[in-house]
2 protein chains.
Amino acid sequence: MASRAPRPERREEPLSRERIVEAAIELLDTAGEGGLTFRALADRLATGPGAIYWHIAGKDELLTAATDAVVARALTPDPAGTQPQEAIRALALGVFDAMDAHPWIGTQLARAPAQSPLLRVFEGIGCQVQALGVPHAAQFTAASALLNYILGVGGQNAANARGHRPDTSRAEFLDTVSASWANLDPDEFAFTRSVAGQLRDHDDRAEFVAGIDLILTGITAHTG
Amino acid sequence: MASRAPRPERREEPLSRERIVEAAIELLDTAGEGGLTFRALADRLATGPGAIYWHIAGKDELLTAATDAVVARALTPDPAGTQPQEAIRALALGVFDAMDAHPWIGTQLARAPAQSPLLRVFEGIGCQVQALGVPHAAQFTAASALLNYILGVGGQNAANARGHRPDTSRAEFLDTVSASWANLDPDEFAFTRSVAGQLRDHDDRAEFVAGIDLILTGITAHTG
DNA sequence: ACCTGAACACCGTTCAAGT
DNA sequence: ACCTGAACACCGTTCAAGT
């Protein structure tokens, strides 16, 4: 009665770090954050769980490598000559879109110590902050603020993705949350109730950029 | 040879949801995010793992309840009559200090769906954003930006706390990271290298408020 | 050098049995 | 009603044995 697992593809190529990471990304995308186990991964690669350890030290390294690969793809170098503000928006949107397509990297980035690939994002933002003419002493704060905002959004995206069934549409989800906000106690949650409507109609991506722009306004306020 | 576990305190009071949550907070604080298991918790409460399930649905609910309790304590109502900007700073710092004392809530808040206790923070921020005179259409964006920034910082704090041994001092940790930044490839990480010094000397808490102020500047830029 | 898969030391969770 | 603790179905990880 035990149904056969979806038969693993014939393994022609030998195992490699890259094939393992690629399979892990697929598993995370299709089965969610809880779906990545060494056994499931080994099944997909038509091998035993132990084989993976020859190429990867452990689960932490696997998760980091998977996040690294996805973020690296998102960080295509922007065309030279763009204005700093536009370049920052492009960079941030690149990360946002990657987090939208692979919600699990939101969780992962929030957990990653200040190492690659987070550092690459920080570097990219920082360069443009410099280009904006922000005084040196304020550059660290400015770049950190932008990065932390991006990470916060990513975490929330990941949490929301975990929160509902993958088949419920975005609009459906927003409707549900919006309705629950509208039903909150008016004494305790006056503000939240008042923006419940905005939540229902909002566009995640536009909202995300609006936040970036808000911070950019703050960064450049004293710069001219 | 197996050393006795630190003997559980005599259990005089009956088990209760509150005692369980309190013990969970202690365990998370002392043993870290990985230290909270139903078995360890049961030991501390001088009972079996199954007993806990009579009071709490499962681990997710336990984690949520623990975070809820800690955040609730941090959100003491600020004295009436404070300026909105100051009230937002106080609110944010309350959350920051809580995350500093209990790094695991950084992870937890980043994971929490838009439910309590996150919602209470959002509500508090939103009220003050209203008080700032931000137009209604922009209030949601403004409050979200602040909240997401706070969550991002919390996630990084938690990641850093996980990253090093609990006995290494803050200064030691910053020294290590700063040194590793200073050793990065100058071609790829010019900006990051240039702020390595600022990282070593910075004050987390002051840096956090500086970020809040940056966003507040952006929020009020078009308001007068 | 690389792969295999049984085995180990854990988890969260359940549940029959007790009081 | 509440507690107990063995048992179940998992995990990540290791490792002797194979090729």
Side-chain angles (χ1 to χ4, degrees), chain A residues 1-25 27-28 30-67 104 107-108 111 162, chain B residues 1-25 27-28 30-67 104 107-108 111 162:
Chain A
M1 212 51 195
S3 61
R4 274 228 166 287
R7 66 174 163 324
E9 296 158 23
R10 297 161 294 137
R11 179 146 63 83
E12 288 155 3
E13 318 158 60
L15 223 48
S16 72
R17 201 187 149 87
E18 284 136 46
R19 285 194 62 229
I20 292 172
V21 171
E22 225 46 52
I25 292 173
L27 211 42
L28 286 161
T30 54
E33 306 188 30
L36 179 65
T37 69
F38 276 80
R39 273 165 253 256
L41 191 55
D43 271 2
R44 257 176 183 261
L45 294 165
T47 181
I52 297 165
Y53 284 86
W54 186 261
H55 302 273
I56 300 243
K59 190 161 189 181
D60 274 351
E61 190 180 309
L62 180 58
L63 244 8
T64 303
T67 308
W104 49 272
T107 314
Q108 212 44 41
R111 297 177 51 93
R162 246 190 323 265
Chain B
M1 213 50 195
S3 62
R4 274 226 168 289
R7 65 176 164 320
E9 295 157 25
R10 300 159 293 138
R11 177 145 63 84
E12 286 155 5
E13 317 158 63
L15 224 46
S16 73
R17 199 186 150 88
E18 283 137 45
R19 286 195 60 231
I20 293 171
V21 170
E22 225 47 51
I25 292 173
L27 211 43
L28 285 161
T30 55
E33 307 187 33
L36 178 65
T37 69
F38 277 79
R39 273 165 254 256
L41 191 57
D43 271 3
R44 258 179 183 259
L45 294 166
T47 181
I52 296 164
Y53 284 87
W54 186 261
H55 302 273
I56 301 246
K59 191 161 189 182
D60 274 352
E61 190 180 310
L62 179 57
L63 245 7
T64 303
T67 308
W104 49 272
T107 313
Q108 212 44 40
R111 298 177 50 92
R162 244 191 325 264

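Labels below follow one simple rule: chain letters A, B, ... track the order of the sequence lines, proteins then strands, and each chain is numbered from 1.
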Next item on the list: To the nearest Å, give me how far apart NE2 (His55(A)) and C1' (dC3(C)) are.
Entry: 8 Å
Note to self: Testing the basics here: between Arg17(B) and Ala65(B), what is the closest heavy-atom pair and its distance to 0.1 Å?
What the structure shows: NH2-CB, 3.7 Å
Next item on the list: Would you mind reading off the distance between Arg19(B) atom CZ and dC3(D) atom C1', rounded to a whole angstrom?
Entry: 13 Å
Notebook entry, point to check: How is the base pairing of DNA chain D summarised as a dot-bracket string, given the Watson-Crick and G-U wobble criteria with both distances under 3.5 Å, [ ] for crossing and | for another strand?
Noted result: ||.|||||...|||||.||
Item checked: Nearest-Å distance for atom pair CZ/P, residues Phe38(A) and dA6(C) -> 18 Å
Next item on the list: Sugar-phosphate means primed atoms, P, OP1 and OP2; the rest is base. With that split, encode nucleotides 14-19 of chain D 5' to 3' as B, S or - using protein heavy atoms under 4.0 Å.
Entry: BB----
Item checked: Ala66(A): side-chain contact (heavy atoms from CB on, under 4.5 Å) partners, not counting sequence neighbours -> Val21(A), Ile25(A), Leu28(A), Trp104(A)
Margin query: Using the side-chain heavy atoms of Lys59(B), tell me which of these nucleotides is nearest: dC3(D), dT13(C), dC11(D).
Written below: dT13(C)
Note to self: How close do Ala51(B) and Leu15(B) get, counting heavy atoms only, and between which atoms?
What the structure shows: CB-CD2, 3.8 Å
Notebook entry, point to check: With sequence neighbours left out, what residues match Glu22(A) under salt bridge (charged side-chain N to carboxylate O under 4.0 Å, His left out)?
Noted result: Arg73(A)
Item checked: Test side chain to side chain donor-acceptor pair (under 3.5 Å) applied to Glu33(A) - qualifying residues, sequence neighbours left out -> Thr107(A), Arg162(A)
Item checked: Heavy-atom pair with the smallest gap, counting every atom of Ala42(B) and Pro49(B) -> CB-N, 3.5 Å
Check: Under the side chain to side chain donor-acceptor pair (under 3.5 Å) test, which residues partner Arg39(B), sequence neighbours left out?
Finding: none
Checklist line | Distance, rounded to the nearest Å, where Leu41(A) contributes CG and dT13(D) contributes C1' | finding: 14 Å
Item checked: Minimal non-hydrogen separation, Gly35(A) against Leu27(A), with atom names -> O-CG, 3.7 Å
Next item on the list: Would you mind classifying the nucleic acid contact of Leu36(A) as base, sugar-phosphate or nothing, using non-hydrogen atoms under 4.0 angstrom?
Entry: sugar-phosphate
Check: For the pair made of CG in Leu62(A) and P in dG12(D), what is the distance, rounded to whole Å?
Finding: 10 Å
Next item on the list: Please determine, for the side chain of Arg39(A), which listed nucleotide (dC11(C), dA7(C), dC3(D)) has the closest atom?
Entry: dA7(C)
Note to self: Whole angstroms only, please: what is the CD-P distance between Glu61(B) and dT13(C)?
What the structure shows: 11 Å
Check: Which whole-number value in Å describes the distance from Asp60(A) CG to dC11(D) C1'?
Finding: 14 Å
Notebook entry, point to check: Would the number of heavy atoms belonging to other residues, nucleotides or ligands and lying under 6.0 Å from CD of Glu61(A) be above 12?
Noted result: yes
Next item on the list: Figure out the CH2/P separation between Trp54(A) and dA1(C), and round it to whole Å.
Entry: 7 Å
